[in-house]
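The next block holds one structure in the form of structure tokens; read it before the comments.
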2 protein chains.
Amino acid sequence: MANQFYSPRDLRFHLYEVLDAERLTQFAYFQDHDRESFDLVLDAAGQISETLLKPLLTAMDRNEPELVDGTIRVHPLLRSIIRRFGEDGWINAPFGYEEGGQQLPATIMNAATFVFGAANYSASVFPFLTTGAANLLRSFGSPELIERFTPPMYAGRWQGTMALTEPDAGSSLSDISTSAEPASEPDMDATGAYRIRGQKIYISAGDHDAVENVVHLMLARIKGGPAGAKGISLFAVPRQRPVGDTLIDNDVLTAGVYHKMGYKGAPIAHLMAGSNDGTIGYLVGEPHQGLRYMFQMMNEARVGVGMNAVSIGTAAYYASLEYARERPQGRHVADKNPSLPQTPIIRHADVKRMLLFQKAVLEGSLGLLLFCSYLSDVAHAAEGDQKADAALLLDLLTPVAKSYPSEMGTLTTSAAVQILGGAGYTTDFPVEQFYREARIHPIHEGTTGIHGLDLLGRKVTMQQGRALQLLRTEIQSTLTSASHYPELMPLADQLTAALGVLDDVTKHLLGLSPTDTEAFLSDATLYLELFGIVTISWQWLRQAIVATAASNQNDLPGGRDDAAFYQGKRMAARYFFEYELVKIYGLAKRLCSNDRVTIAMQSEWF
Amino acid sequence: MANQFYSPRDLRFHLYEVLDAERLTQFAYFQDHDRESFDLVLDAAGQISETLLKPLLTAMDRNEPELVDGTIRVHPLLRSIIRRFGEDGWINAPFGYEEGGQQLPATIMNAATFVFGAANYSASVFPFLTTGAANLLRSFGSPELIERFTPPMYAGRWQGTMALTEPDAGSSLSDISTSAEPASEPDMDATGAYRIRGQKIYISAGDHDAVENVVHLMLARIKGGPAGAKGISLFAVPRQRPVGDTLIDNDVLTAGVYHKMGYKGAPIAHLMAGSNDGTIGYLVGEPHQGLRYMFQMMNEARVGVGMNAVSIGTAAYYASLEYARERPQGRHVADKNPSLPQTPIIRHADVKRMLLFQKAVLEGSLGLLLFCSYLSDVAHAAEGDQKADAALLLDLLTPVAKSYPSEMGTLTTSAAVQILGGAGYTTDFPVEQFYREARIHPIHEGTTGIHGLDLLGRKVTMQQGRALQLLRTEIQSTLTSASHYPELMPLADQLTAALGVLDDVTKHLLGLSPTDTEAFLSDATLYLELFGIVTISWQWLRQAIVATAASNQNDLPGGRDDAAFYQGKRMAARYFFEYELVKIYGLAKRLCSNDRVTIAMQSEWF
């Protein structure tokens, strides 16, 4: 088993040297925090990860959750872990003091999530699914609902979930058919009780025996409401509903648990509500506003998925790095004398290429994700234009921050497997597990195809392209900073050219939009890929500026370790521009082509 | 479970319409064959796949081989399956009549292998590992060895293996340390008996209970022989050795069975020979020629791995195609009225893109692999220049035919998973298994990195570049044929340009070779990728020519089905040029850059 699973040094580089996250404490909402409190949070995350989460990584993969007597049985240690997350205040850490939270910036919270996910992705999802569900409740629910449901959720005694998907409504949420009818419910009728009937599938942590109860934030359609997306409402549907001081069964049956390729430690449930007409759900907010509420939370969930993808990739990266440093095989290409001892494979250029690929993609993505988290903090804590701009830029970057790390995570974990060779394909090493786990991210919280449509069809054009203009301004400011460092000129020039390519492609596609929607959007996934590469190049230029400035100093606080660290950053930036950024030229060629082969293709010709 | 797992129509298109495999029957060695006998073989392969192999696909994945009392226990039905392959004459089908074989062309044999692998990859490897081992024995072994060992192998009663890898010798075979000392062996000493000591790891089908015995074709070092690659010899090392009419234990212990991410039905063993000084191996051929013998067989094994990769990818492709045709989700982008019923997802351009991606990569690769098989038949059956040229071109193309399908197979199976969305990540559908199985191919029979070095460092330069010149001539001839079809001009122009890019890159890299070996070879993996894309583009132009010519006919024998088939071919060709060929421009930009970032990177900077 690999020892290192993330780099605390790199995390602090992102937070303090690139982002300057301490600036957040200038906002009133975050004013009680400082660098010291941030570091305490990060240290605590590292410690709980090392001692509680990582030791279960393999065991949770080998012993899948099973449905036993109507309840899903998960790893027996999860109960104490989830409680520990509750007791240590992780579940409501970002929320206000008045709710028992710590008003912790999302930037720091997501940095902690990154650490948890790198230690054990499956274990890490339980508490933060509860956070997401609770966030919907506290934002839109009635005071009575909040009071009844959130305290046990914050304590890690109740699980929260998001219950969206149905057998006939996956990517197409507007086709949800779970129904809701007003019901009289003596104990909690002030909260708007409804009788719920329907099936939900793929519900993460939808039922398990490590908590006392589960609260589903469920989308359903109030009978008689409008068709399509406009008729969907949000309900809190507990597995057991509180009546007085007790809980009674709420007729939410677990029809099954899915067996999956990876991410096995977290149970994904198939649920049936109201099979015996006994399910009560409590309306959250106004009727017919369910999708709007859900999507307000979605940005955070999506940045979270991108972060999970980087977490898993990072654990795989360090596992393969450790192996490459220790495994002797072959001789250096410049001296193949067979009487020499074999060399560690990290001396082979192709192995270094596969390591640099992982490092460049993952640390570039981590930079983007923390930048997005920072934007969400500003959008939350600032006022006026600053608030609006941060929210708008975050909106634009969210599909990229979700999808680029998710898609690339399947490739970086694959590179980790490849470095280990035959060993990497066996269960003797953790990289094969990371490869299987990484594959979920391009699928859940919106597939990559959906995010391509979101970026090109919605985000690029919103407010007459103002979001894209904000991004351009940010990148321009980075380019200006880079101009102070002669060695960064080649990177700056390449990024400038890339930005031009992105502009040309965007203009070409927007030109199609008024007359031919299908052609406009048919390659949206490729557009997302191109957009992602340019964005990560920009993130690397930001990192390269800091690393170059630091390398130019005479006395680095961390001495030789620091010098090596910054040197690695500068090399990874070069790698990204040399090997990854160049991919945009093929993408642009295709995106500007007028051959509509995917549209013209017909089902019967396959 | 998906129904279709390959297309007999497409296989016949490749064999008869593109390759004109019947030409092979003009060679004396193949003269007893004709189209009818080829079709009988293919039909038999389809039938055995459908009835025996495919039904075990899931069960063999779920019930992994286990080591029980010193022997690996595999699926109980494998014994009858392997015997059936023996009885039906598959194991020695390519060999001469005098050996009981059928002198079946490799082209047809590999087409059958493709079908078996698409039905159940794990099950399909057992008989053909025996074929490979028997081929070494019959090519280089003494008559006595051949007589003692090959009949039960051909009958499917004994398993054959290739035992190369050791704990300290994976990619670096010259570091093999298994030792051999001459031994007196009264029963078979005429064959050159040696006492063998050493460990072998990752031995496919290295031990299992579906056969009566196992014969390892094992590399070992005769004590006192030269160091490095030049001192390695080849031995036949049975698990039980024949003494008179009985078999006695030969001290080859099974130390373990590897548990793997996929490809689980085939046991991969860790073996220990001579732990009790009781292992006898029989020298095959001359001393110190082991690597040379092994590499003569390697081309076939490597084309076989490429074929296995295409098999798995093809099964995944058809599973995702079936799903895409049946699964309703969302509405067509041009008419999103929510009161309309949902549309099958195959109407979404992005889904068609993912299907075309699979089709274009897989059918392009299948074309290349059958072309290589055809070359190996010509190299075997022809004389003079024709023989030499075919062998040389096959040598050049082998690393491409192994690696392109293997690397791309991880991506095509990933696209299949993506089309199924959440369902694809569960074990309810077979695509997740295909995704796990596909990951082995870039690793075994030489990693992709090794093949990159082989292509650029050895194959491109051999005989003063004559092999590359032969390929250019072949491609030129295809371009000439294409010039008769106006609609193919855009593709021909793009291929001509791509060939120019390949030439420029090759010249640039060869220019580095004399002065800087490390720089010359540091991006050999990328060169292999570029070379592969150009090669598959050429294969698609070959297919497009046939399909276009057929489409221009008034009366197609297969009527509307044929018309749809050829239409699909023409679209897939366009797809490949539009979406895949353009990737060479980014690759070329990197390959011609003089930034040596992977070489400059140091271990301690990661």
Side-chain angles (χ1 to χ4, degrees), chain A residues 170-172 174-175 202 227-228 258-261 321 325 329-330 333-334 338-339 342 346 349-350 352-353 355-356 410 414 418 421-422 425-427 432 440 443 447 449 517-518 521-522 525 564 567-568 571 574-575 578-579 582-583 585-586 589-590 593 595 597-599 601 603-606, chain B residues 170-172 174-175 202 227-228 258-261 321 325 329-330 333-334 338-339 342 346 349-350 352-353 355-356 410 414 421-422 425-427 432 440 442-443 447 449 517-518 521-522 525 564 567-568 571 574-575 578-579 582-583 585-586 589-590 593 595 597-599 601 603-606:
Chain A
S171 291
S172 180
S174 58
D175 286 289
Y202 303 146
Y258 292 94
H259 293 285
K260 313 184 294 300
M261 170 157 58
L321 177 60
R325 281 176 170 153
Q329 194 69 188
V333 70
S339 68
Q342 299 199 67
I346 203 166
D350 198 51
K352 286 190 278 182
R353 182 185 61 78
L355 289 168
L356 275 167
T410 67
S414 185
Q418 191 70 15
Y425 197 67
T426 71
T427 58
E432 66 85 25
I440 188 60
I443 296 171
T447 62
T517 310
E518 192 172 14
L521 293 173
S522 63
T525 302
Q567 192 65 21
M571 301 301 277
R574 265 168 68 185
Y575 177 89
E578 281 289 315
Y579 287 79
V582 294
K583 291 178 179 167
Y585 295 99
K589 220 172 151 84
R590 165 57 212 161
S593 163
D595 185 325
V597 55
T598 61
I599 294 175
M601 186 68 183
S603 172
E604 61 272 23
W605 299 345
F606 279 106
Chain B
S171 292
S172 180
S174 59
D175 286 289
Y202 302 146
Y258 292 95
H259 292 286
K260 312 184 295 299
M261 169 157 59
L321 176 60
R325 282 176 170 152
Q329 193 69 190
V333 69
S339 68
Q342 300 198 68
I346 201 165
D350 198 51
K352 287 190 277 182
R353 182 185 60 78
L355 289 167
L356 275 168
T410 67
S414 184
Y425 197 67
T426 71
T427 58
E432 66 85 25
I440 187 60
I443 296 171
T447 63
T517 311
E518 192 172 13
L521 292 174
S522 63
T525 301
Q567 192 66 22
M571 301 301 277
R574 266 168 67 186
Y575 178 89
E578 281 289 315
Y579 288 78
V582 293
K583 292 178 179 168
Y585 295 99
K589 220 171 151 81
R590 165 56 212 162
S593 162
D595 185 324
V597 56
T598 61
I599 294 175
M601 186 68 182
S603 171
E604 61 273 23
W605 298 346
F606 279 106

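Numbers restart at 1 for each chain; the letters A, B, ... are given by sequence-line order, proteins then strands.
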Quiz item: In terms of heavy-atom proximity below 4.5 Å to chain A, should Ile440(B) be classed as side chain, backbone, both, or neither?
Solution: both

Quiz item: Tyr258(B): what forms a ring-ring contact (aromatic ring centres under 6.0 Å, His included) with it, not counting sequence neighbours?
Solution: Tyr202(B)

Exercise. Measure the shortest side-chain to side-chain distance between Asp595(A) and Arg590(A) over non-hydrogen atoms and say whether it is less than 4.5 angstrom.
Key: yes

Quiz prompt | Exam field: side chain Gln329(B) to backbone Ser171(A), donor-acceptor pair closer than 3.5 Å | solution = yes

Quiz item: Top residue by heavy-atom pair count (under 4.5 Å) with chain A, among Tyr585(B), Tyr579(B), Tyr575(B)?
Solution: Tyr579(B)

Self-check item: Note, Val597(A) side chain near Arg353(B) side chain (heavy atom, < 4.5 Å)
Solution: no

Quiz item: Between Ile599(A), Leu355(A), Thr517(A), which shows the greatest number of heavy-atom pairs under 4.5 Å with chain B?
Solution: Leu355(A)

Exercise. Could you look at Tyr425(A) and say if it's the side chain, the backbone, both or neither that has a heavy atom under 4.5 Å from chain B?
Key: both

Quiz item: Thr410(B) and Pro442(B): which non-hydrogen atoms are nearest, and at how many Å?
Solution: CG2-CG, 4.0 Å

Quiz item: Are Lys352(B) and Phe606(A) close enough that some pair of their side-chain heavy atoms sits under 4.5 Å apart?
Solution: yes

Quiz item: Among Lys260(A), Glu604(A), Gln342(A), Met261(A), which residue forms the greatest number of heavy-atom pairs with chain B at distances under 4.5 Å?
Solution: Met261(A)

Quiz item: Hey, which of Lys589(A), Glu432(A), Gln567(A) has the most heavy atom pairs under 4.5 Å with chain B?
Solution: Gln567(A)

Exercise. Sort out for me which of Ser174(B), Ser339(B), Ala334(B), Gly170(B) touches chain A most, counting heavy-atom pairs under 4.5 Å.
Key: Gly170(B)

Practice problem: With a 4.5 angstrom heavy-atom cut-off, could you sort out which part of Arg325(A) is near chain B: side chain, backbone, both or neither? | Solution: side chain

Exercise. Please determine, among Thr447(B), Thr426(B), Thr427(B), Ile346(B), the option with the most heavy-atom pairs under 4.5 Å with chain A.
Key: Thr427(B)

Quiz prompt | By salt bridge (charged side-chain N to carboxylate O under 4.0 Å, His left out) - contacts of Lys583(B) (at least two apart) | solution = Glu580(B)

